Amino acid sequence: MRRTYLGEFEEVVLLMVAILDGEGYGVTISEALEAHTGRIVTFGTVHNTLIRLEEKGFVSSELGGATAERGGRRKRLFRITALGSRALQEIQQLRQNLWQLLPPDTLRLGGI
Amino acid sequence: MKSPVRPPRWAQWLLIRLHPDNTLEEVAGDLDELYTYWYKRSGKTQATLRYILNVVSVLPPFVRRRKTNKQYQQPERRTTSNITSIMIRNYLKIAYRNLKRQKVSTSINIVGLAIGLATCILITLYVQDELSYDRYNEKADRIFRVGFKLRLNGEDVSGPITGPNVARDLQREFPEVLKATRLLRGSEFVSYGTSSFKEDNLLFADSTFFDVFTIPFLKGNPKQALTEPNTLVLTEETARKYFGNQDPIGKVLLFGNEQTPHRITGVVRNVPENAHFRFNMLASLPGYDEQHIGWLYNINYYTYLVLPEKYDYRQLEAKISRLGEKEMGSEVQQFLQLSPKQFREKGDDFGIFLQPLTDIHLRSPFGGTELSPGGNILYVYVLTAIAVFMLLIACVNFMNLSTATAARRSREVGVRKVLGSVKGQLQQQFLIESVLLAIAALLVGLLVVGFALPFFNQLTGKALTLRLLTNGYVIAGLVAGTVLVGLLAGSYPAFYLSSFKPVLVLKGRITTGRNSFNLRSGLVVFQFFITISMIIATVTADRQLRYMRTQKVGFNREQVLVIHDTHMLHNNEAVFRDKIIQSPQVIMGSISGQVPVGNSAIDNTPVMSRENPSKGVMSRFYKVDEAYIPTLGMRLVQGRNFSKNSPTDSFAVILNETAVRALGWQQHPIGRELIGHVDDNGVKTYYRVIGVVSDFHFESLRQKIGPLVMFFGRNSGNILVKTRTDKVPQLLASLKQQWQSFSPAAPFSYSFLNDRFEHVYLSEQKIEQVLTLFSSLTIFIACLGLFGLTTYTAEQRTKEIGVRKVLGASVSSVVALLSKDFLKLIVIALMLASPIAGWCMNQWLKGFAYKITIDWWIFALAGLLAVGIALLTVSFQSIKAALTNPIKSLRSE
């Protein structure tokens, strides 16, 4: 199968799902995004990204955990799949490999 | 939750309306939660603003639609969806190759199904036509005919007719009767200039005729046509007959001997074929008879009523009955000196009834009294049943053959399965194949219908066309029906074939075991059941018909010529008769209005014996001359014939044997006296019996012979001529010449008694022909099926036969082996069919007063025939199998 492309925002959301470890749903993911990256994104963006990730098979979801605060509506809780974690690891690996290839001074010089 | 912490309602409403349903729950919940969070952190305005922004972000077109679970959890499955054009193309190709390879079974299948379908289509056309009678009338559902019920001396003489005043009385009494019209049958000699025709298809009608029946005018005004006395409306065809291309409006036709002028006031379209009455001319009916009230007087009028829409005619029937009770009751009182109660106590009855127009053709019990001979709903049912059975048999064959040929294709199924075909795909493949075959059969069937239609029309006396088949709905229905037949017929093989276990099949162990044999033998039994029933029905109908034809009718109908309308010669009638009997080719000639073939039973008159004047015997009156009995070769049992030389003979009668029995004169009837006539003043006229003639059938054999009284006297109408020649054309030519020498108003016309006799049994004859046709078709289709099946069995048992032959079996024992199974099935079918068919035919025979009995040999014959045909079919294949060299069948293993 063709390797699925994972966008930058998708990667961050996927990571959030992984971090929240089964507790991730629309609200927690949006809040975590805001808290950790300082980015304010619309809920629709997060929602769409989650659906896209699910379509690609990186996360799975189930309904559950209704509270009074939500008017008795259930949450859609997301969990990372094996495919998702492998994709994350591959990205991590790729980055690491690339970092290894970086000549020691380049970044510092360029950085100044 | 406190009330302020709630997002704006309109935004929520928007969300609910527009967000995709399958993610609405979690999104709405999430947004509510977020709203609370924002509210706590930055206040109401901020929260509301952010809420609205976020709601918009999850509205179309920004939102992604969630697909259903299954599809994206296994995305790789999507590429192998069940139907793809490639697979279908492959199925078609394989189907084509298979059909081409197995030419025999393919053609058997197609021909069988095509004949089944063709029969079905033909019968549908026929039935459709039968059911469409009188539907051409716009008010067809609202038109009803009035008839009377009358049981007199135990005999039912009801008819669909009434007295002339019923129409007027009903219209006067009941507001529900919107329109009423009367029809009266007529027959006249009509002349225009030098041409003269006898118009048998003449009806007299009220001017309201065109308000009731929908027959469009081509010329003239429907409102004014027939309003004046002595006016006429012609049909297109008749107008052309008399006037060619001239305009007939205002022209005058002369009626009868009196040359009464009739003015033409309109020309209408020809009456449709599917109408219960047809006419060439409509003449205006004289007004209502004011002298006679009452309903039973002059019962000759067909009365039709138009009722309001959606009106239950039974309601009116009840009301009319009440009125009828009064009207007819007083008449019964007047004529018979019996109160209605006494009349009923005698076991007799009278009454009035309504009959829906659309029932007249198929459901009217008054055959002879109808304006034209009707159909019979029974025959419609029988034909429909035949159509269904034919189609069923064809389908059964189809299933049988496809299942049987399954073995040949088991290897293909095995390979397909190994290569990953699932059951569904295989089923699809076989279903597509059978639908393909069915459609091919439909095309062939339509061709057959096209060719067979003229013959079928001839057989049934109808003018069916294929026009019905050009209707879009009918085409769609046919195609849908055919596809359905294909699916049904293909379903068993499809499921059977697709259930093969690939391993077993590829190993060569084909599971065509006994279990599938049960179904197949059931199907064989079923179709032979139908076949044998049809044979029994055909043989019975044929025998009944033969019986009626050869039945001693009691008079000699050979070489008797009937010259019609001789009363048009007036006083010259006898002169003409005397002239023609001088010819050496003529033995005898009798002037008589009564031809003893196919009259209706309605004009019976009571006669009483002198000893017992209260007991009337309903009898038919014949008025004959002295030559009548010898001309028709009737046998005098006792006494003598009338004689010109005996002056007292004008008060003499000759009875038939039935009349003698009915009057109770078994001993010495000669010389007794009966009351033949009572005039209005109660003066009785006595007649002396001088002879007894042996019973003869003066109606059709459907009816029992009734009492008959012959009077001596002049009765013009026809001349019956007994001839002794085979040079008929010359005789006819000379007769015509002599006829014209009297220059009568009527043209010379004649018939042979024999032909007229045949004509009476036309409908039975047609039924027999139709039955013969369909039973031979059924037999043919059944044989096709059997042939296919034997081919298959023989093929299945090739090795067995080979081994048997090597071990010393003879050809005959092998043939017996192969035929035995089928014979058993046919015997079972015979046992099932005999009682059922026997019962049905008994029901049919009940309609005849003189009938055959169904003997056991008919069943034996049907069985033998079926067995014989089956054996012939089977033996063709089994002998071939038995003669094969065993080396050929055994060498490949």
Side-chain angles (χ1 to χ4, degrees), chain A residues 1-4 7 9-10 13 16-17 20 23-35 38-79 81-84, chain B residues 1-3 5-7 9 11-12 14-16 18-42 46-47 49-79:
Chain A
M1 209 179 94
R2 175 176 70 92
R3 221 190 98 177
T4 312
F9 188 69
E10 285 175 337
V13 173
M16 287 303 171
V17 172
L20 288 166
E23 288 301 315
Y25 67 102
V27 177
T28 47
I29 291 167
S30 311
E31 284 173 4
L33 267 176
E34 212 176 315
R39 280 155 77 162
I40 295 175
V41 286
T42 57
F43 180 73
T45 324
V46 179
H47 175 75
N48 284 340
T49 311
L50 283 169
I51 287 182
R52 200 180 301 126
L53 283 174
E54 194 168 13
E55 277 171 15
K56 288 177 178 175
F58 292 133
V59 295
S60 62
S61 73
E62 59 184 5
L63 289 170
T67 61
E69 202 177 16
R70 315 167 44 85
R73 299 186 188 92
R74 288 174 299 175
K75 304 163 181 170
R76 187 173 284 280
L77 294 164
F78 290 91
R79 189 180 279 282
T81 62
L83 190 67
Chain B
M1 203 87 266
K2 280 180 294 168
S3 57
V5 197
R6 281 198 58 188
R9 238 184 246 167
Q12 275 182 318
L14 210 64
L15 183 73
I16 291 165
L18 295 176
H19 190 81
D21 281 343
N22 55 0
T23 50
L24 182 64
E25 185 182 354
E26 60 262 30
V27 167
D30 284 3
L31 284 174
D32 275 11
E33 216 174 293
L34 280 171
Y35 180 80
T36 325
Y37 168 69
W38 292 319
Y39 188 90
K40 276 185 203 149
R41 214 180 53 178
S42 17
Q46 269 285 327
L49 270 178
R50 287 186 74 167
Y51 184 82
I52 293 166
L53 178 73
N54 281 298
V55 164
V56 172
S57 80
V58 290
L59 294 185
F62 306 111
V63 74
R64 257 182 107 80
R65 204 167 266 278
R66 194 184 190 86
K67 287 175 189 131
T68 55
N69 241 355
K70 223 176 172 179
Q71 275 174 321
Y72 61 80
Q73 276 186 356
Q74 303 164 321
E76 66 276 10
R77 267 283 183 93
R78 256 182 299 171
T79 48

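No experiment lies behind these values; they were computed from the predicted model shown. Quick note on labels: first sequence line is chain A, next is B, and so on, each numbered from 1.
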*Does some side-chain heavy atom of A:F43 sit less than 4.5 Å from a side-chain heavy atom of B:L34?*
yes
_Enclosure of A:E62 CD (heavy-atom neighbours >12, cutoff 6.0 Å)_ = no
*Should the heavy atoms of other residues, nucleotides or ligands under 6.0 Å from CZ of A:R79 be counted, would the total exceed 12?*
no
*Please determine, among B:V58, B:V55, B:L53, B:L59, the option with the most heavy-atom pairs under 4.5 Å with chain A.*
B:V58
_Minimal non-hydrogen separation, B:S57 against A:G44, with atom names_ = OG-N, 2.7 Å
*Set of residues satisfying ring pair (Phe, Tyr, Trp, His ring centres under 6.0 Å) with respect to B:Y51, sequence neighbours excluded*: B:Y35
*Residues which pass salt bridge (Lys or Arg N to Asp or Glu O under 4.0 Å) with A:R70, listed by chain and number, not counting sequence neighbours*: B:D30, B:E33
*Can B:R41 and A:E31 be said to form a salt bridge (charged side-chain N to carboxylate O under 4.0 Å, His left out), step by step?*
CA-CA 12 Å; B:R41 214 180 53 178; A:E31 284 173 4; over 6 Å; no
*Looking at A:V46, A:V41, A:T45, A:T42, which hits side-chain contact (heavy atoms from CB on, under 4.5 Å) with B:N54?*
A:T42
*I would like to know whether A:R76 and B:V27 meet side chain to side chain contact (heavy atoms under 4.5 Å, CB included); could you show each step before the answer?*
CA-CA 9 Å; A:R76 187 173 284 280; B:V27 167; over 6 Å; no
*When rounded to the nearest 0.5 angstrom, what is the spacing between CZ in A:R73 and CG in B:L31?*
9.5 Å
*asked:* With a sphere of 6.0 Å drawn around CD of A:E23, does it hold more than 12 non-hydrogen atoms of other residues, nucleotides or ligands?
replied: no
